[in-house]
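Written out below as structure tokens is the structure these notes cover.
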Amino acid sequence: MTYSGAVKVGGPADVHELRDLMISKVAVGPMDNNAYLLRCRATDQQLLIDAANEPATLLRLIGDDGITAVVTTHRHGDHWQALAEVVEATGARTYAGRDDAEGIPVATDVTVADGDVIEFGNVRLTARHLVGHTPGSIALVYDDPHGHPHVFTGDCLFPGGVGNTWKDPKAFASLIDDVEAKLFDVLPDETWVYPGHGNDTTLGAERPGLPEWRARGW
């Protein structure tokens, strides 16, 4: 089956099969949050990005092999509703951005700064600190050695714009500057984007919109 990234709450996961990594995307909860289960194909170790909601759904997705870690992309409550139950069931280590960890009511085992690397199995994810949607939001970049990069952006980048900054000009300027400098300026157009809600996109599809986003201020 060809991966589309289009998932619905209550529906099946969509699986993106790369040579070294399998990415399973599922939608959960009343805010249609995306959660992503990453599996190293060489070792079968797994990592979950955003235990957003519906712990039973996430634990079924994880299966009997468990997970080594859960990464929370930012401190907003819709992204960690299932975190406590998933951690209790799996014993996974918790990761979150250094400046958002205090806003997550499950203890963060490892705080993450810009450029830090999170490893599981043979897979390496590089954290990029993006300020504006929250003070400590992080995106995770997987630089596929056999193809183009993949980036999990939380609520910092979506099809059609950056994340919500609540009409705060300083927060918007910070977020779009960080997204442009740390994602668009250093990653190719083919980079696949996995956001915290809704459909996937690519940097190439979004790049022409950057001037319009800046002009409109959101």
Using a 3.5 Å cut-off and no angle test, enumerate the donor-acceptor pairs between side-chain atoms of residues 56-67 and protein atoms at least two apart in sequence or in another chain.
unit_1: Thr57; atom_1: OG1; unit_2: Glu54; atom_2: OE1; d: 2.9
unit_1: Thr57; atom_1: OG1; unit_2: Arg60; atom_2: NH2; d: 3.4
unit_1: Asp65; atom_1: OD2; unit_2: Arg39; atom_2: NH1; d: 3.2
unit_1: Asp65; atom_1: OD2; unit_2: Arg39; atom_2: NH2; d: 2.5

Completion exercise
By salt bridge (Lys or Arg N to Asp or Glu O under 4.0 Å), Arg41 pairs with (sequence neighbours left out) Glu17
Problem - Closest approach of Asp20 to Pro145 (non-hydrogen atoms, all atoms of both residues) - result: OD2-CG, 3.7 Å
Practice task
Give a yes or no on whether a salt bridge exists between Asp200 and Lys25, defined as a side-chain N under 4.0 angstrom from a carboxylate O.
Solution key: yes
Handout entry: Within one Ile-Leu-Val-Met-Phe-Trp-Tyr cluster: Tyr36 and Val112, side-chain cutoff 4.5 Å
Key = yes
With a cut-off of 3.5 Å and sequence neighbours excluded, list every side-chain donor-acceptor pair involving residues 159-166.
unit_1: Asn164; atom_1: OD1; unit_2: Trp166; atom_2: N; d: 2.7

Handout entry: Linked hydrophobic residues, Met31 as query - side chain contacts closer than 4.5 Å
Key = none
Handout entry: Closest non-hydrogen atom pair between Cys40 and Phe120, with its separation
Key = N-CE1, 3.7 Å
Exercise for the section: State, with a plain yes or no, whether a side-chain heavy atom of Met22 is found less than 4.5 Å away from one of His16. Expected result: no
Completion exercise
side chain to side chain donor-acceptor pair (under 3.5 Å) filter on Asp143, not counting sequence neighbours, yields none
Handout entry: Student check: side-chain heavy atoms of Ile49 and Leu38 closer than 4.5 Å
Key = yes
Exercise for the section: Begin from the C-alpha positions of Leu125 and Leu47 and carry the test side chain to side chain contact (heavy atoms under 4.5 Å, CB included) through to its verdict. Expected result: CA-CA 10 Å; Leu125 304 173; Leu47 174 147; 4.1 Å; yes
Practice task
May I have the step-by-step check of side chain to side chain donor-acceptor pair (under 3.5 Å) for Ser4 and Asp14, ending in yes or no?
Solution key: CA-CA 7 Å; Ser4 70; Asp14 198 8; 3.2 Å; yes
Practice task
Could you tell me whether Trp213 atom CH2 has more than 12 heavy atoms of other residues or ligands within 6.0 Å of it?
Solution key: yes
Practice task
Search all heavy atoms of Ala205 against all heavy atoms of Thr201 and return the closest pair with its distance.
Solution key: CB-OG1, 3.7 Å
Exercise for the section: Measure the spacing between CG of Asp114 and CG of Asp99 and express it to the nearest 0.5 Å. Expected result: 11.0 Å
Handout entry: Nearest heavy-atom neighbours spanning Pro12 and Val7
Key = O-CG1, 4.0 Å
Return a table of donor-acceptor pairs under 3.5 angstrom between the side chains of residues 82-92 and protein atoms on other chains or two or more places apart.
unit_1: Thr90; atom_1: OG1; unit_2: Val86; atom_2: O; d: 2.7
unit_1: Thr90; atom_1: OG1; unit_2: Ala92; atom_2: N; d: 3.3

Completion exercise
Closest non-hydrogen contact found for Gln45 with Gly121 is OE1-N, 3.0 Å
Exercise for the section: Treat each ILVMFWY residue as a node, draw an edge where side-chain heavy atoms are under 4.5 Å apart, and state whether Val123 and Ile23 are in one component. Expected result: yes
Exercise for the section: Taking atom types as modelled, find out whether Tyr95 and Asp116 have a side-chain donor-acceptor pair closer than 3.5 angstrom. Expected result: no
Handout entry: Contacts of type side chain to side chain contact (heavy atoms under 4.5 Å, CB included), residue Ala52, not counting sequence neighbours
Key = Val28, Asn33
Problem - Test log, rule side chain to side chain contact (heavy atoms under 4.5 Å, CB included), inputs Leu37 and Gln46 - result: CA-CA 7 Å; Leu37 180 68; Gln46 299 187 123; 3.4 Å; yes
Practice task
Could you list who else is in Val131's hydrophobic cluster, with ILVMFWY side chains joined at under 4.5 Å, directly or through other members?
Solution key: none
Handout entry: Pairing residues for Phe158 by the side chain to side chain contact (heavy atoms under 4.5 Å, CB included) criterion, not counting sequence neighbours
Key = Asp155, Pro195, His197
Problem - Asp100 side chain to Gly136 backbone, donor-acceptor under 3.5 Å - result: yes
Problem - Phe152 and Tyr194 aromatic ring geometry - parallel, tilted or perpendicular at 30°/60° bounds - result: parallel
Problem - Shared hydrophobic cluster, Leu157 / Leu175 (ILVMFWY, side-chain heavy atoms < 4.5 Å) - result: yes
Problem - Close side-chain approach of Leu140 to Val151, heavy-atom, < 4.5 Å - result: no
Fill in the blank from the handout: Across all chains, not counting sequence neighbours, the side chain to side chain contact (heavy atoms under 4.5 Å, CB included) partners of Asp144 are Leu18, Tyr142, His146, His150
Problem - Residues Thr94, Val110; criterion side chain to side chain contact (heavy atoms under 4.5 Å, CB included); working and verdict - result: CA-CA 6 Å; Thr94 54; Val110 182; over 6 Å; no
Problem - Sub-4.5 Å side-chain heavy-atom contact between Asn53 and Pro30 - result: yes
Exercise for the section: Please check if Ile104 and Val70 belong to a single hydrophobic cluster, counting links between Ile, Leu, Val, Met, Phe, Trp and Tyr side chain heavy atoms closer than 4.5 Å. Expected result: yes
Completion exercise
Closest non-hydrogen contact found for Leu48 with Ala35 is CD1-CB, 4.5 Å
Handout entry: Whether Thr153 side chain and Cys156 backbone form a donor-acceptor pair below 3.5 Å
Key = no
Handout entry: Exam field: side chain Trp80 to backbone Arg75, donor-acceptor pair closer than 3.5 Å
Key = yes
Exercise for the section: Check the side chains of Asp50 and His79 for a donor-acceptor pair under 3.5 angstrom, ignoring hydrogens and angles. Expected result: yes
Give the table of side-chain donor-acceptor pairs shorter than 3.5 Å for residues 179-188, with sequence neighbours excluded, one pair per line with atom names and distance.
unit_1: Glu180; atom_1: OE1; unit_2: Arg214; atom_2: NE; d: 3.2
unit_1: Glu180; atom_1: OE1; unit_2: Arg214; atom_2: NH2; d: 2.9
unit_1: Lys182; atom_1: NZ; unit_2: His129; atom_2: O; d: 2.7

Practice task
For Glu119, check side chain to side chain contact (heavy atoms under 4.5 Å, CB included) against everything at least two apart and list the hits.
Solution key: Val117, Arg124
Problem - Check: Leu203 main-chain N/O paired with Asp189 side-chain donor or acceptor under 3.5 Å - result: no
Practice task
Using only heavy-atom distances, determine whether the side chains of Thr111 and Thr108 contain a donor-acceptor pair under 3.5 Å.
Solution key: no
